[in-house]
Amino acid sequence: MKTYGIIGYPIIHSLSPIMHNAAIKHLGLDAEYKLFDIDQEDPEDLANFCYETDLNNIGGFSVTMPYKLEIMKYMDHYDPIAKIVGSVNTVVNEDSKLIGYNTDAMGAAQALKEKTEIKKKRVLILGAGGGARAIAYSLKEFGANVYIFNRTKKKAEELADEFDIEFIPYRMIPKGEFDIIVNTTPVGSMPNTEESLLHAEHIKSDAVVMDIITNPIETQLLKEAKKAGATPISGERMLLHQAADQFKLFFDKEAPIKVMEKALYKGLDKRN
Ligand code: ATR
């Protein structure tokens, strides 16, 4: 039996095992998907985990916070998207070589595509960290006009420069000019759930607003979007699509996404 799993810290609340194990069971695969708690205080823990993948019969693993950048130095190869985005959320052990992929980028685009076209749309991305990079890359690939809005100007400028997109100065809160808004910052996540970077008056009634936060599911930004009459997309849609893409990389099989979706919502019900 091959072992798969997710590394991160803290990892206990991850919804990835419930999705991947449901899909493994559904397809009758001889595999299991576990939580791997990597100690952030011990710099050798991540290195040892990577060096011992063969020993532990690990076929691949998902990577979450805070290891999406640090993991890159242990990869033998990268997928071009992971290289451009500059972070890895999926590692596949291919013949004892660790290959790094990034499924966040396309996962975000797929989540948006459930509700809207992306091509030629004016997109505002809140934040300029790793999540913003992945999403800016994929939405630009799909032909959107992407703008970055970030607290620290230097980071916004750097990202805008690198991806040849625009940034909006942080003091100029954008008002109703965007077709799609994506929050990639932690603003509005537990425990500060009443916070939001934008409010209803900043959002067009025909806009689509996506938050990548998954706790809570309905963030204040999404409540503001609803107030404006816009379409909200909560973070679990991206979580689902990036996991389905991971499953395909791990097992070289189409993911049973409906099975994964059902398991995800059951897990969320249990959590809430
Ligand atoms: P990730 O890599 O997961 O996207 P990150 O690198 O920590 O996470 O990036 C988080 C983003 O959220 C950053 O752009 C950060 O802004 P700064 O560049 O100014 O640090 C943004 N962010 C975090 N907390 C914020 C807050 N309270 N208000 C506004 N932006 C915030």
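Counting convention: from 1, in listed order, for ligands and their atoms alike.
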So which protein heavy atom does [atom] come closest to, and at what separation?
atom                    : answer
atom 18 (O) of ligand 1 : Asn150 ND2, 2.8 Å
atom 9 (O) of ligand 1  : Gly129 CA, 3.5 Å
atom 23 (C) of ligand 1 : Pro186 CD, 3.4 Å
atom 29 (C) of ligand 1 : Tyr170 OH, 3.4 Å
atom 1 (P) of ligand 1  : Gly130 N, 3.5 Å
atom 4 (O) of ligand 1  : Gly131 N, 2.9 Å
atom 21 (C) of ligand 1 : Thr185 CG2, 3.7 Å
atom 3 (O) of ligand 1  : Met65 SD, 3.7 Å

Would you say the side chain of [Y] lies within less than 4.5 Å of the side chain of [X], judging by non-hydrogen atoms?
X      : Y      : value
Met106 : His241 : no
Phe247 : Pro256 : yes
Tyr170 : Asn150 : no

Flag Gly127 as yes when one of its N or O atoms lies below 3.5 Å from any N or O atom of ligand 1, and as no otherwise. no

Would Ala132 count as a polar contact of ligand 1, with the cut-off being nitrogen or oxygen pairs under 3.5 Å? no

Ser196 and Glu224: side-chain donor and acceptor closer than 3.5 Å? no

Would you say the side chains of Asp54 and Asn93 form a donor-acceptor pair under 3.5 Å? yes

Does the pair Asp95/Lys97 count as a salt bridge with the N-to-O cut at 4.0 Å? no

Is atom 7 (O) of ligand 1 less than 4.0 angstrom from at least one protein heavy atom? no

Strictly under 6.0 Å, is that where the ring centroids of Tyr147 and Phe167 end up? no

Give the contacting part of [X] toward ligand 1: side chain, backbone, both or neither, where contact means a heavy-atom distance below 4.0 Å.
X      : result
Val187 : side chain
Glu195 : neither
Phe149 : neither
Thr152 : both

Within a distance under 4.0 Å of any heavy atom of Ala128, pick out the atoms of ligand 1 and give their elements. 14 (O)

Check whether more than 12 heavy atoms from other residues, nucleotides or ligands sit under 6.0 Å from atom CG of Asp252, and answer yes or no. no

Aromatic ring pairing Phe49/Phe61, orientation class (parallel under 30°, perpendicular over 60°, tilted between): perpendicular

Step-by-step side chain to side chain donor-acceptor pair (under 3.5 Å) determination, Asn102 to Ser87: CA-CA 7 Å; Asn102 185 309; Ser87 72; 3.1 Å; yes

Provide the closest heavy-atom pair for Phe163 versus Ala136 in the form atom of the first, atom of the second, distance. CD1-CB, 3.9 Å

Of Arg133, Lys153, Arg151, Lys155, the one whose closest heavy atom lies nearest atom 25 (C) of ligand 1 is Arg151

